[in-house]
Amino acid sequence: MKIPLFRPYSSLDLEALLKRVIDSGEWTGGVEVEEVENLLISTFNFPNFICTSSATSAFEIILDMYFSDVQATIVVPTNTFATTAEVPRRLGHNIIFCDVDSFTGMIDVTSFKKILENHNVDCVVPVSIGGHLYDRDALKKLKTEYGFRIVEDFAQLVYLGCYDLEIDAAFFSFYPNKILSSPDGGGLVVTETSLVNQARKRRLHGICRKSRGEYDIEFLGRKANMTNIDAVFLKDQLSSLSEKISNRLAIYQSYTQLLEEIPEVDFLALDNNIIPSLFIIHAKNRNELKYFLEENNVQTSIHFKPLHLHSYWNHEKSVFSGAEKYYSSTLSLPFFEALTKDELNYIISVIKKFYSI
Ligand SMILES: *Cc1c(COP(=O)(O)O)cnc(C)c1O
């Protein structure tokens, strides 16, 4: 048995939906994207939604809107994917890394508070790990006190009611290995209603369409539109959403029950409302367990190697003890809605064998 970390899932209708788009000749720029935006708004109760080519491009648009003429100071938790720091750095902003909680892997409020006391922070980008929510209440409180923007990296998170109007903006990913998959895609939500149209224009070269086919460039935009092909994948994903959610929750519960017998392994309990996007464990002898699973054809991953340990960022001398502790013990196990009972039992049996249980 060979089990991948992730296997995308689609319904039987996908081919027919795709064929319709292909045959129509409208591969991009048609009604499909708008339809999916409306579907996302009604499904998850978003105030608005602007689909883009990726979470990365959605984040670029958000920072373009807030900080186009200034160099901002932006706080990024070090346990994240490349995007969260790459985008502000490319735009010339000043980045301060922040430590994370050693158990959840998400922003550590005490470390963030220390940064606030010593710097003039314009924006913080809390990151969801595995679909779990960071300590949003604590950050909202600090926002009232210090006055900075909160832009949420929700590439791994989406659930009913996940957006909070006290937050400034959030960006989402529809990359194949996320909760909602397309070949490539993402999107954003923004609280200030006056920015919704601006974001839409910035997504496609800052162009505003006028009458009689004329157009005007209003902003320095980007090429960040979603194609109709990607939109159709999303439509298909949303059509089987309740099944997708119940499968994910059931697999998370099964993992939880089966792993409870193994004292060397710990993991986060499932919060109400959320849809898990990864199954992450803290494991004793993590490296050896990872190799053992690989030898037995079970693919795993680590979310993430902290950014400050990567050679580009070259922050090796800085110490982020929470992130380093998290990085040394966590392991992401195969987790996707089409994971079978047999596959799950096999993974557990390999882990038990490793710990001689
Ligand atoms: C996947 C991911 C991204 C990037 O998403 P794209 O849609 O590929 O740009 C950003 N941040 C986090 C935390 C992610 O997991």
Side-chain angles (χ1 to χ4, degrees), residues 5-6 8 33 36-37 40 49-64 74-91 95 97-98 100-101 104-107 123-134 136 150-159 162 167 169-189 199 203 222-227 229-231 233-234 237 248 268 274-280 300-310 312-313 323 326-327 330-332 335-336:
L5 184 67
F6 186 80
V33 173
V36 156
E37 288 176 341
L40 287 163
F49 201 94
I50 293 119
C51 284
T52 59
S53 53
S54 65
T56 304
S57 65
F59 188 25
E60 287 168 342
I61 291 170
I62 293 168
L63 292 186
D64 285 348
I74 299 185
V75 175
V76 172
T78 179
N79 183 44
T80 184
F81 184 61
T83 297
T84 328
E86 169 195 288
V87 169
R89 167 58 63 94
R90 274 227 166 272
L91 293 171
I95 291 167
F97 285 129
C98 182
V100 302
D101 181 272
T104 68
M106 296 187 285
I107 191 160
C123 182
V124 61
V125 195
V127 178
S128 164
I129 300 292
H132 299 277
L133 187 62
Y134 67 98
R136 186 189 253 164
I150 301 178
V151 175
E152 295 173 327
D153 180 339
F154 277 176
Q156 297 187 12
L157 177 152
V158 68
Y159 60 80
C162 61
I167 302 303
F171 56 94
F172 299 82
S173 176
F174 306 128
Y175 194 72
N177 63 3
K178 312 291 180 174
I179 294 173
L180 298 172
S181 314
S182 67
D184 218 347
L188 66 95
V189 177
R203 163 178 72 181
R222 295 186 175 272
K223 180 69 171 71
N225 59 304
M226 174 181 275
T227 69
I229 305 285
D230 292 292
F233 272 81
L234 273 183
Q237 296 269 309
R248 277 181 178 261
L268 264 183
I274 79 149
I275 309 172
S277 67
L278 296 170
F279 190 82
I280 300 175
T300 61
S301 183
I302 295 169
H303 293 88
F304 292 91
K305 174 179 169 182
L307 290 181
H308 71 279
L309 298 179
H310 285 271
Y312 170 76
W313 291 102
Y326 183 84
Y327 175 50
T330 51
L331 192 64
S332 301
F335 188 72
F336 46 90

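Both ligands and their constituent atoms are indexed starting at 1 by order of listing. Just so you know, residue 1 is the first one in the sequence shown, and it goes up from there.
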Heavy-atom contact under 4.0 Å between Ala58 and ligand 1? no
Contact (N/O only, under 3.5 Å) between Ser128 and ligand 1: no
Nearest heavy-atom pair of Val36 and Ala231: which atoms, and what distance? CG2-O, 3.2 Å
Rounded to the nearest 0.5 Å, how far does CG of Asp101 lie from CD1 of Ile107? 11.0 Å
Any nitrogen or oxygen of Ser173, main chain or side chain, under 3.5 Å from a nitrogen or oxygen of ligand 1? yes
Output the distance between atom NE2 (His132) and atom CG (Leu157), rounded to the nearest 0.5 Å. 9.5 Å
In Å, rounded to the nearest 0.5 Å, how long is the span from CZ of Phe172 to SG of Cys162? 4.5 Å
Which of the atoms in ligand 1, numbered in the order shown and given with their element, are less than 4.0 Å from a heavy-atom of Val127? 13 (C)
May I ask you to check if ligand 1 and Thr83 share an N or O to N or O distance below 3.5 Å? no
For the pair Arg222 and Arg203, evaluate side chain to side chain contact (heavy atoms under 4.5 Å, CB included) and give the outcome as yes or no after the intermediate values. CA-CA 6 Å; Arg222 295 186 175 272; Arg203 163 178 72 181; over 6 Å; no
Within a distance under 4.0 Å of any heavy atom of Gly185, pick out the atoms of ligand 1 and give their elements. 7 (O)
The test is ring-ring contact (aromatic ring centres under 6.0 Å, His included); show your working for Phe233 and Phe174 and say whether it passes. CA-CA 10 Å; Phe233 272 81; Phe174 306 128; over 10 Å; no
Which atoms from ligand 1 have a heavy atom of Lys178 less than 4.0 Å away? 1 (C), 2 (C), 3 (C), 14 (C), 15 (O)
Approximate separation, where rounding is to 0.5 Å, of Phe171 CZ and Phe59 CZ: 4.5 Å
Return the OG to CD1 distance between Ser332 and Ile280, rounded to the nearest 0.5 Å. 4.0 Å
Could you check atom 12 (C) of ligand 1 against the protein and tell me its nearest heavy-atom contact, residue, atom and distance included? Ala155 CB, 3.4 Å
Applying a 4.0 Å heavy-atom criterion (strictly less than), which segment of Ala55 is in contact with ligand 1: side chain, backbone, both, or neither? both
Heavy-atom contact check, 4.0 Å cutoff: does His303 meet ligand 1? no
Shortest protein heavy-atom distance from atom 9 (O) of ligand 1, along with the residue and atom involved: Thr56 OG1, 2.5 Å
I want to know if ligand 1 touches Asp184 in the polar sense, i.e. an N/O pair below 3.5 angstrom. no
Heteroatom distance test (Asp153, ligand 1): nitrogen or oxygen, under 3.5 angstrom: yes
If you measure from the Lys or Arg side-chain nitrogens to the Asp or Glu carboxylate oxygens, is any gap between Glu152 and Arg136 under 4.0 Å? yes
Quick one: does Asp153's side chain have a donor or acceptor within less than 3.5 Å of a partner on Ala155's backbone? yes
Got the closest protein heavy atom to atom 8 (O) of ligand 1, with its distance? Tyr175 CD1, 3.9 Å
Relative to the heavy atoms of Ser54, which atoms of ligand 1 are at a distance of less than 4.0 Å? 7 (O), 9 (O)
